[in-house]
Amino acid sequence: MITLGIESSCDDTAAAVWCSERGLLSSVVSSQDVHVSWGGVVPELASRAHHQTITDTVEHALERARITVKDLDRVAVTEGPGLMGSLLVGLSFAKGFSLSHNLPIVGVNHIDAHLYAAFIEHGPEFPFVGLIVSGGHTRLVRVDAPFVHTLLGETRDDAAGEAFDKTGKMLGLPYPAGPEMDRLAREGDPEFHAFPRSMIREGLEFSFSGLKTSLLYYLEEQKEEYVTKHRADICASVSAAITDVLSVKLERAMEQTGIRSVVMAGGVSANSMLRKRCRAMADRLQTALWIPSPEYCTDNGAMIAVAGAMMDSLERGRVQRGVGIRPYARMPR
Ligand code: KG4
Ligand code: ZN
């Protein structure tokens, strides 16, 4: 069975071809640089950019997979959560594509799909504890079987990716600041300054909004030259604060559930400090830890194709099908 996955929930237009027997045949991601000068994603510009690139992105994905439309068995598309205008471009394209080529279509939840990116290269064992850390969400879930998810905890305010992006912006880094923070942090001292680790002592909920306030006050107290000189140290210290909270909560979720199998996914799971920390924890606790390769941590079409193929064949999850698939901006409760 060959699945075409289409993703357009935020600022990446992506398409991929997944074959149930042979694995991933192609994955094409077209990132929108139109937002950089605005310092964040501008929804209207995102929809227009998706519109301009979606046809080429899907064509490239088919070409790279060395298949034609006739070889496809289904289309999987992101239905939400995300920017309404952006979702509508991907959904409308996918609906038209499925109608004209007479292919079944399945709607996929973007946040759930991040976890299934782990199945592109590995085969995580169920049950597992999933940590999804992206630009808009930070969630700990217990996954007992494919698409049988129980929420253990989530953020009360900013997501981990938002914390990287907002603090990075304050340090003068271009949007999205996460990858650049990661790069600079590798050259800095994570113990240079102790930024707050909110709610670290108990529970499985997160709070990251205090971090940017704390950085704001810290920067106000320092001289500009000092900040410039120690930018890498500050990036490392901010990264350490975020990494500490995420890894401590992940370990707590494992203790509370007794589950010794973990999947970490979403854009922030590409972060080198977080990957290193969680790998060390998994080794210490003799836990199986699956983290997708960095290109499958950030938004991509492959995770949509894999999740769509699994949902469709198992008849599990909140499956929406056909031209009636409706987009949603927020994660359903
Ligand atoms: O999953 P994703 O690509 O899109 C959403 O679903 O939100 O996540 C994007 C987020 C952004 O906040 C970005 O700054 C962050 O992931 N990110 C990183 C890294 N790569 C991407 N954060 C820290 N370190 C990275 N290497
Ligand atoms: Zn995402």
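Just so you know, ligand 1 is whichever comes first in the structure, and atom 1 is the first atom listed for that ligand.
Around the Zn ion (ligand 2), the protein contributes the following N, O or S atoms under 2.8 Å, ordered by chain and number: H110 NE2, H114 NE2, D299 OD1.
Taking a cut-off of under 4.0 Å to the non-hydrogen atoms of T298, the atoms of ligand 1 that pass are 3 (O), 21 (C). Within ligand 1, counting atoms from 1 as listed, the ones closer than 4.0 Å to a heavy atom of P176 are 14 (O). Of all the atoms in ligand 1, the ones that sit under 4.0 Å from a non-hydrogen atom of G136 are 7 (O). If you number the atoms of ligand 1 from 1 as listed, the ones under 4.0 Å from a heavy atom of G135 come out as 5 (C), 7 (O), 8 (O), 9 (C), 10 (C), 12 (O). Within ligand 1, the atoms closer than 4.0 Å to a non-hydrogen atom of H110 are 6 (O), numbered from 1 in the order shown. The atoms of ligand 1 that sit less than 4.0 Å from any heavy atom of D182 are 24 (N), 25 (C), 26 (N). Residue G161 has at least one heavy-atom neighbour below 4.0 Å for each of these atoms of ligand 1: 12 (O).
Note on ligand 1: H114 sits in its first shell, one or more heavy atoms being nearer than 4.0 Å. Heavy-atom distances between R183 and ligand 1 stay at or above 4.0 Å for every pair.
Closest to atom 20 (N) of ligand 1, if we only count protein heavy atoms, is G267 O, 3.4 Å. In this structure, atom 24 (N) of ligand 1 lies nearest to the protein heavy atom N271 ND2, 3.0 Å. Of the protein's non-hydrogen atoms, D165 OD2, 3.5 Å is the one closest to atom 11 (C) of ligand 1.
Between D299 and H110, the side chains place a donor N or O and an acceptor N or O closer than 3.5 Å (distance only, hydrogens not considered). Using a 3.5 Å distance cut-off with no hydrogens or angles, the side chains of Q32 and H35 do pair a donor with an acceptor. Side chain to side chain, E121 and Y296 fail the donor-acceptor criterion of an N or O pair below 3.5 Å. Between the side chains of E7 and S9, at least one donor N or O lies within less than 3.5 Å of an accepting N or O. A side-chain donor from one of R186 and S272 sits under 3.5 Å from a side-chain acceptor of the other.
Legend: residues meeting salt bridge (Lys or Arg N to Asp or Glu O under 4.0 Å) with K212, ordered by chain and number and at least two apart, are D158. Take F126 and apply the ring pair (Phe, Tyr, Trp, His ring centres under 6.0 Å) test, not counting sequence neighbours, and it matches F119, F128.
Taking distance alone, with nitrogen or oxygen atoms compared against 3.5 Å, S272 stays at or beyond that limit from ligand 1. The distance criterion of under 3.5 Å between nitrogen or oxygen atoms is not met by A177 with respect to ligand 1. At a 3.5 angstrom cut-off on N or O pairs, F164 does not count as close to ligand 1. Ligand 1 has an N or O atom lying under 3.5 Å from an N or O atom of D299, backbone or side chain.
Under a 4.0 Å N-O distance rule, the pair D233/R231 does not qualify as a salt bridge. Between E255 and R252 there is no salt bridge, since no side-chain N of the basic residue sits under 4.0 Å from a carboxylate O of the acidic one. E225 has no carboxylate O lying under 4.0 Å from a charged side-chain N of K229, or vice versa, which leaves the two without a salt bridge.
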Please table the atom pairs, donor to acceptor, closer than 3.5 Å between any side-chain atom in residues 280-288 and protein atoms at least two apart or in another chain.
from: R284; atom 1: NH1; to: E251; atom 2: OE2; distance (Å): 3.3
from: R284; atom 1: NH2; to: E251; atom 2: OE1; distance (Å): 3.0
from: T287; atom 1: OG1; to: L285; atom 2: O; distance (Å): 3.4

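In the displayed structure, H51 atom NE2 is contacted under 6.0 Å by at most 12 heavy atoms of other residues, nucleotides or ligands.
Within the set C10, S239, G178, the minimum heavy-atom distance to atom 25 (C) of ligand 1 is found for G178.
Aromatic pair Y116/H114: centroids not less than 6.0 angstrom apart.
L211 has its side chain within reach of I242: a pair of non-hydrogen atoms, C-beta onward, lies under 4.5 Å apart.
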